[in-house]
**Q** 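Here's a structure for you.
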Amino acid sequence: MPELPEVVTVVKLLAPKIIHQTIVKFEIYYRKLLWRNEVDDFKQRVENQTIQNIYNKGKYIIIELENDVIISHLRMEGRWSVEPQKQLSYKENWLEAQFIFQDGNVLRYYDSRKFGTLEIVSKATFLSGEALKNVGPAVLDPNLTAKYLYDVFRKNKRPIKTVLLDQSIIAGIGNIYDNEILFAAKINPLTLANQISLKKVENILKHAHNIIEHSISVGGTTIHSFAPQKDVIGGYQDFLKVHGREKQECYVCQTKIEKMKIQGRGTYFCPFCQK
DNA sequence: ATATAGGCCTGACAGC
DNA sequence: TGCTGTCAGGCCTATA
C-alpha cells in the first residue's frame, strides 16, 4: 500500500486517537511482526507507557512513548486502527497485534500479507540515528535540494526509476508516485541517473513536490486495498496519469501507455512524452 | 561496491 | 466451479 502520502494520511487520522493514551496491555498474534525484538521485552517496554507523539519519516511511522520509540512500517498491506475492544475493523485473521488503552479502546495492527514490521528502540538509540540510518531525507524535507540530488545522481549509473525508489536517497517515493513523477517530468524511466542535468533534476523535484502534496491533500491513493481507516479511501487514484493505465491513451498525446519491468517493478510510461 | 534474483505472505483476478 | 499462474503501494538478504 503505502507511500509517503498514504503514511501521512494514516498518521493524521491516528494522532488524535492515540496521543496521551496509556497502554495497559500489549498482545501479539504474529510473532514475526517484531523482527528485531523479543516478545517479552517489547511487551514489558510498552505496557504502562503513555503515547506522547506520532509522526512519520518517509514511509516509517514513529510512535513516541515516554522512554522508547516504536517504529512501524506498513510495507504493502499493513493497517492501523483504533476501535472499541469488541469491534474489529478488518478480518480477525489479519490481526497481528493490539495495544489496549486505559480508556478501553484498542490500537490494532492488521496485515493481510504479513509483510509489515514493528520495532521498539530506546529514545537514546533512536536519537543516535542508528535505527533509521538507511532512510534519507523525505521528499518534502527542505534539506532535499536539487543540488544534493544532482550530486547523488551524478555518481549513480542505475535507471532513474530505480534511484527514485531508493529510500536512502529520497524517502517516501514508492512505485506509483515514481511512475507519476517521471511522467510529469517527461523523463524515460530507463534514463541513467548520471545522464540527468541539474535543470532536469530541479524539474523532477518540483513535480515530486506537487504530486506528493496534491496526493496528501486528498488523502493518498487507493488502488488494490489502501484504506487509511475502515470505509475511508484516498482520492488521488482519480488523478493518476500513467500508473495502471497500460494500453490506454496518454492524456497529453493520446499515445498508448506502455508497461515494462524495471528491477521487477511494474513501470508505466508514455513512449512519446517520455523519450 | 554494485546489480540482480529470491524471499517474505495473502488476496484478487485472468484464463483455461 | 474450480484450478493455476500472475501480479500487487516494499524491503531485506544472499549471491554473482
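Proteins get letters first, then strands, A, B, ... in listed order; numbering begins at 1 in each.
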**Q** Test of understanding: with side chain to side chain contact (heavy atoms under 4.5 Å, CB included), list the residues that count as partners of A:I19, not counting sequence neighbours.
**A**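 Counting only residues at least two positions away or on another chain, A:I19 forms a side chain to side chain contact (heavy atoms under 4.5 Å, CB included) with A:A15, A:N53, A:I54.
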**Q** In whole Å, measure the gap between the P atoms of C:dT6 and B:dA5 for me.
**A**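 The answer is 16 Å between these two P atoms.
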**Q** Kindly state each residue pair satisfying salt bridge (Lys or Arg N to Asp or Glu O under 4.0 Å) with at least one member in residues 63-74 of chain A, sequence neighbours excluded.
**A**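 Counting only pairs at least two positions apart or across chains, the salt bridge (Lys or Arg N to Asp or Glu O under 4.0 Å) contacts touching residues 63-74 of chain A are A:R45-A:D68.
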**Q** To the nearest angstrom, how far is A:E119 atom CD from C:dC12 atom P?
**A**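 Going from CD in A:E119 over to P in C:dC12 covers 11 Å.
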**Q** Who clusters with A:F269? Use side-chain heavy atoms, under 4.5 angstrom, across I, L, V, M, F, W and Y, and order the result by chain and number.
**A**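 Other cluster members: A:L190, A:M260, A:I262.
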**Q** Separation of A:M76 atom CE from B:dA12 atom P, in whole Å?
**A**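 In whole Å, B:dA12 P and A:M76 CE are 15 Å from each other.
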**Q** For DNA chain C, which residues in residues 109-118 of chain A have a heavy atom at a distance below 4.0 Å?
**A**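 Nucleic-acid contacts, sorted: A:R113, A:F115.
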**Q** May I ask you to say what A:K155 touches in the nucleic acid, namely base, sugar-phosphate or nothing, with a heavy-atom cut-off under 4.0 Å?
**A**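 It contacts nothing in the nucleic acid.
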**Q** Check whether any side-chain nitrogen or oxygen of A:K259 sits under 4.0 Å from OP1 or OP2 of C:dT6, and answer yes or no.
**A**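 For C:dT6, OP1/OP2 do not have a side-chain N/O of A:K259 under 4.0 Å.
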**Q** According to salt bridge (Lys or Arg N to Asp or Glu O under 4.0 Å), does anything in residues 129-139 of chain A pair up with another residue at least two apart or in another chain? List the pairs.
**A**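 Non-adjacent pairs meeting salt bridge (Lys or Arg N to Asp or Glu O under 4.0 Å): A:E130-A:K133.
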**Q** Once you round it to whole Å, what is the distance between C1' of C:dA8 and CD of A:E77?
**A**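 A:E77 atom CD is separated from C:dA8 atom C1' by 8 Å.
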**Q** A side-chain contact here means heavy atoms from C-beta on lying under 4.5 Å apart; do A:L140 and A:H209 qualify?
**A**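 In short, these two side chains touch, coming nearer than 4.5 Å.
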**Q** What integer distance in Å separates A:E246:CD from B:dA14:P?
**A**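 Checked: the CD to P distance equals 13 Å.
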**Q** What residue pairs, at least two apart or across chains, pass ring pair (Phe, Tyr, Trp, His ring centres under 6.0 Å) with a residue in residues 23-53 of chain A?
**A**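 Passing the test, one end in residues 23-53 of chain A: A:F26-A:F42, A:F26-A:F99.
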**Q** Quick one: label A:Y30 by what it contacts on the DNA or RNA (base, sugar-phosphate, nothing), any heavy atom closer than 4.0 Å.
**A**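 Sugar-phosphate: the residue A:Y30, judged by heavy atoms under 4.0 Å, touches backbone atoms but no base.
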**Q** Using atom NZ of A:K59 as one end and atom C1' of C:dC12 as the other, report the distance to the nearest whole Å.
**A**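 Going from NZ in A:K59 over to C1' in C:dC12 covers 14 Å.
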**Q** Could you state the OH-C1' distance from A:Y90 to B:dG11, rounded to the nearest angstrom?
**A**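 In whole Å, B:dG11 C1' lies 16 Å from A:Y90 OH.
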**Q** Taking only residues two or more places apart in sequence or in another chain, which ones pass side chain to side chain contact (heavy atoms under 4.5 Å, CB included) with A:E38?
**A**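 Counting only residues at least two positions away or on another chain, A:E38 forms a side chain to side chain contact (heavy atoms under 4.5 Å, CB included) with A:R31, A:D41.
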**Q** Give each protein N/O atom lying under 3.5 Å from an N/O atom of nucleotides 4-7 of chain B, with the pair distance.
**A**
unit_1: B:dT4; atom_1: OP2; unit_2: A:Q263; atom_2: OE1; d: 2.8

**Q** Using a 3.5 Å limit on both distances, find every run of at least three consecutive Watson-Crick or G-U pairs that involves DNA chain C.
**A**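 Consecutive-pair runs (3 or more) involving DNA chain C: B:2-8 with C:10-16, B:10-16 with C:2-8.
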**Q** Figure out the CD1/C1' separation between A:I176 and C:dA8, and round it to whole Å.
**A**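 So the two atoms are 10 Å apart, to the nearest Å.
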**Q** For A:S89, does its backbone N or O pair with a side-chain atom of A:Y110 as donor and acceptor, under 3.5 Å?
**A**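 Pair found, side chain donor or acceptor close to backbone of A:S89.
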**Q** Go through the structure and list residues passing salt bridge (charged side-chain N to carboxylate O under 4.0 Å, His left out) with A:K25, not counting sequence neighbours.
**A**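 A:E27.
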**Q** Any side-chain N or O of A:K157 under 4.0 Å from OP1/OP2 of B:dT2?
**A**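 It does not, given that no N or O in the side chain of A:K157 lies less than 4.0 Å from OP1 or OP2 of B:dT2.
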**Q** Between B:dT10, B:dT2, C:dC11, spot the one nearest the side chain of A:Y60, thanks.
**A**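 For the A:Y60 side chain, the nearest candidate turns out to be C:dC11.
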**Q** Could you tell me which residues satisfy side chain to side chain donor-acceptor pair (under 3.5 Å) with A:T125, sequence neighbours excluded, listed by chain and number?
**A**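 Checked A:T125 against side chain to side chain donor-acceptor pair (under 3.5 Å); matches are A:S122.
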**Q** Less than 4.0 angstrom between a side-chain N/O of A:W35 and OP1 or OP2 of B:dC8, yes or no?
**A**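 Answer is no, no contact under 4.0 Å.
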**Q** What residue pairs, at least two apart or across chains, pass salt bridge (Lys or Arg N to Asp or Glu O under 4.0 Å) with a residue in residues 162-175 of chain A?
**A**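 Residue pairs with at least one partner in residues 162-175 of chain A: A:R158-A:D166.
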**Q** Going by an N to O cut-off under 4.0 Å, is there a salt bridge joining A:D151 and A:K147?
**A**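 So A:D151 pairs with A:K147 through a salt bridge.
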**Q** Measure the distance from CD1 on A:I262 to P on C:dC7 and round it to the nearest whole Å.
**A**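 After rounding, the gap between these two atoms is 15 Å.
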